[in-house]
Amino acid sequence: MAREQDDILHRGIGMTSQRTRERLIQRLYEEGVSNAKVLEVIRRTPRHLFVDEALAHRAYEDTALPIGHNQTISQPYMVARMSELLLEAGPLDKVLEIGTGSGYQTAVLSQLVERVFSVERIKVLQDRAKERLTELNLRNVVFRWGDGWEGWPALAPYNGIIVTAVATDVPQALLDQLAPGGRLVIPVGSGEVQQLMLIIREEQGFSRRVLGAVRFVPLLNGPLA
Ligand code: SAH
């Protein structure tokens, strides 16, 4: 790795980082994440660059952390689990992500699929996420400032769609934008009662799998400057 790139990756983090990162991977594995590619990508993605410097020392804990604007960077276990569910039936070329946030899940996905299209409603979060991905030289991502309830119809259909905020109902637009065989991973519910769901577009209609209780910030309405 080039010296400069190495400096970027290790900025603001102590000598324990490699060990701490290994511990996180071990923990995800023990909690049931079994896709080796997903684990490898999480191992090499510098999560500390996606949080405020003051929180960088906690970046490899398996926990969500605040990123401002009442939003959080997703818990590594959730990022791993949702990525694994998307990839369960094989590689994907076009993936739509709703809720860019810090860009951490985006960065992980971009190393696992051909192309990522990522929608965020808060402009400043999106701008910062864009900068981070450029800094990490992850170039197969296109960003859109908009309302995730509408998906990104102009570029549909998608082989995978991932939503990183909890929706009160499954947005119809996202179902419409799934390619045949396409997979949608989405938390559904409100407040304390939220379930992670996997919805697949079958030859006729959709199949649904409920995967257990989760905790996400809400999918809100409309873009915000
Ligand atoms: N995966 C992100 C999680 C961010 S939290 C990360 O790891 O950093 C959820 C994100 O969804 C927030 O950034 C929030 O602004 C965004 N969001 C909420 N409602 C939205 C909507 N309707 N359209 C697009 N983004 C939305």
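Computed from a predicted structure; not experimentally measured. Read the numbers this way: they start at 1 and go in the same order the structure lists the ligands and their atoms.
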With no hydrogens and no angle check, do the side chains of [X] and [Y] hold a donor and an acceptor under 3.5 Å apart?
{"X": "Ser207", "Y": "Glu202", "value": "yes"}
{"X": "Glu30", "Y": "Gln26", "value": "yes"}
{"X": "Thr100", "Y": "Gln105", "value": "no"}
{"X": "Gln111", "Y": "Thr45", "value": "yes"}

Residue and atom name of the nearest protein heavy atom (relative to [atom]), distance in Å to one decimal:
{"atom": "atom 9 (C) of ligand 1", "result": "Thr164 O, 3.5 Å"}
{"atom": "atom 12 (C) of ligand 1", "result": "Gln71 OE1, 3.2 Å"}
{"atom": "atom 20 (C) of ligand 1", "result": "Arg121 CD, 3.3 Å"}
{"atom": "atom 19 (N) of ligand 1", "result": "Leu220 N, 2.9 Å"}

Given [options], identify the one with the heavy atom nearest to [atom].
{"atom": "atom 11 (O) of ligand 1", "options": "Ser102, Gly99, Gly151, Gly148", "value": "Gly99"}
{"atom": "atom 3 (C) of ligand 1", "options": "Pro218, Ser74, Ala165, Ala129", "value": "Ser74"}
{"atom": "atom 2 (C) of ligand 1", "options": "Thr100, Val124, Ile73, Ile67", "value": "Thr100"}
{"atom": "atom 5 (S) of ligand 1", "options": "Val119, Thr72, Leu65", "value": "Thr72"}

Practice prompt. Would you please test Thr72 and Leu65 for side-chain contact (heavy atoms from CB on, under 4.5 Å) and show each step?
Written response: CA-CA 5 Å; Thr72 54; Leu65 293 167; over 6 Å; no
Practice prompt. Kindly check if the number of other-residue, nucleotide or ligand heavy atoms within 6.0 Å of OH (Tyr29) is above 12?
Written response: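 Open.
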Item to complete: May I ask you to check whether over 12 heavy atoms, not counting those of Asn221, lie within 6.0 Å of atom CG?
Response: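 Buried by this count: over 12 neighbours within 6.0 Å.
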Worksheet item: Side chain or backbone of Val217 under 4.0 Å from ligand 1, or both, or neither, by non-hydrogen atoms?
Response: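 The answer is the side chain.
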Worksheet item: Of all heavy-atom pairs between Leu109 and Ser83, which one has the smallest distance, and what is that distance?
Response: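 Here Leu109 and Ser83 meet closest at CD2-OG, 4.4 Å.
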Item to complete: Please say whether Glu120 places an N or O atom under 3.5 Å from an N or O atom belonging to ligand 1.
Response: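 Glu120 vs ligand 1: N/O contact under 3.5 Å present.
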Item to complete: Assess Gly146 for proximity to ligand 1: is some non-hydrogen atom of it under 4.0 Å away?
Response: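 Contact check Gly146 vs ligand 1: positive.
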